[in-house]
Number of protein chains: 2
Amino acid sequence: MYALNKVKEYRKHRDLTQIELARRVGVARQTINLIENGKYNPSLSLCISLAKELLTDLNALFWEEEDEEQNT
Amino acid sequence: MYALNKVKEYRKHRDLTQIELARRVGVARQTINLIENGKYNPSLSLCISLAKELLTDLNALFWEEEDEEQNT
DNA sequence: CAATTGTGTCAATTATATATGACACCAAGT
DNA sequence: ACTTGGTGTCATATATAATTGACACAATTG
C-alpha cells in the first residue's frame, strides 16, 4: 500500500469515470483504479497529468502535511 | 527529457551532495543525478521522499504553474 | 428479467524506473 | 604531481509501473 491520495475525490467532483479520466491522461483504466486505491506508486509525469486534468496541483492530490516546517 | 524540477537547487541550498541525498532517500546516486538533469520520471513515492528530505513539498520541487485555474 | 455502466481485481506481458559497477572529468587540497 | 570528492554518463541487470484482456459484482435502466 502506498500513500493515500485524493484522485477519486477530485475525479468525482469533476464528474468523470475512471474510464474517462484514464482516456484523458492516456493510461489504462486499471492504472487509475490502482492509484485511487493506493495499490501503487505512479510516475511523476502521470501525477502531473492527473493534476492538470483535474484542475488542481500535486500537493492537493498527493501531499499530506506532517508538521509545518519552514525554510528560508 | 522530462519536466524540469528544482531538486538540485534545493539540494544545494541544504548543502547536500548527490551521494548524501541519495543515501538519505534510499536510492542510488545515479538516480538523483538523472532526476536533477531531467533525464527521467521518478516515482511519486521518491518525489515525496525528496520533498521531505529537502524540507519542502511536491509543488515546490516539481510543479510549474501554467495559467491560474480555479475550481469550486 | 435482460442489458448496460462503473468499478474492483486477476494473470500475463511490455516498458521503464532504479540498482550496480565502472570510467572520465574537473576542481581543491597536500 | 598526486590524491580525493563531487559530478556526468555508460552498459547491464532487476524491480515494478503500466498495458491488455478478461471476469465478477452492484446498481441502474428498458
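All values derive from a computational prediction rather than experimental measurement. A, B, ... follow the sequence lines: proteins, then strands. Residue 1 opens every chain.
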Derivation and outcome, salt bridge (Lys or Arg N to Asp or Glu O under 4.0 Å), residues A:Arg11 and A:Glu36 = CA-CA 10 Å; A:Arg11 174 176 61 78; A:Glu36 288 190 350; 2.5 Å; yes

When you check every protein heavy atom under 4.0 Å of nucleotides 8-24 of chain D, what one-letter string (B, S, -) results, 5' to 3'?
-> BBB------SBBBBB--

Does the side chain of B:Ser43 come within less than 4.5 Å of A:Ser43's, by heavy atoms?
-> no

B:Ile19 atom CD1 is separated from D:dT7 atom P, nearest whole Å, by 7 Å

Decide yes or no for A:Lys52 and B:Trp63: does some side-chain heavy atom of the first lie under 4.5 Å from some side-chain heavy atom of the second?
-> yes

Measure the shortest side-chain to side-chain distance between A:Ile32 and A:Lys8 over non-hydrogen atoms and say whether it is less than 4.5 angstrom.
-> no

Decide yes or no for A:Thr17 and A:Leu21: does some side-chain heavy atom of the first lie under 4.5 Å from some side-chain heavy atom of the second?
-> no

For A:Leu21 and C:dG8, what is the distance between atoms CG and P respectively, to the nearest whole Å?
-> 13 Å

Distance, rounded to the nearest Å, where B:Leu50 contributes CG and C:dA17 contributes C1' = 14 Å

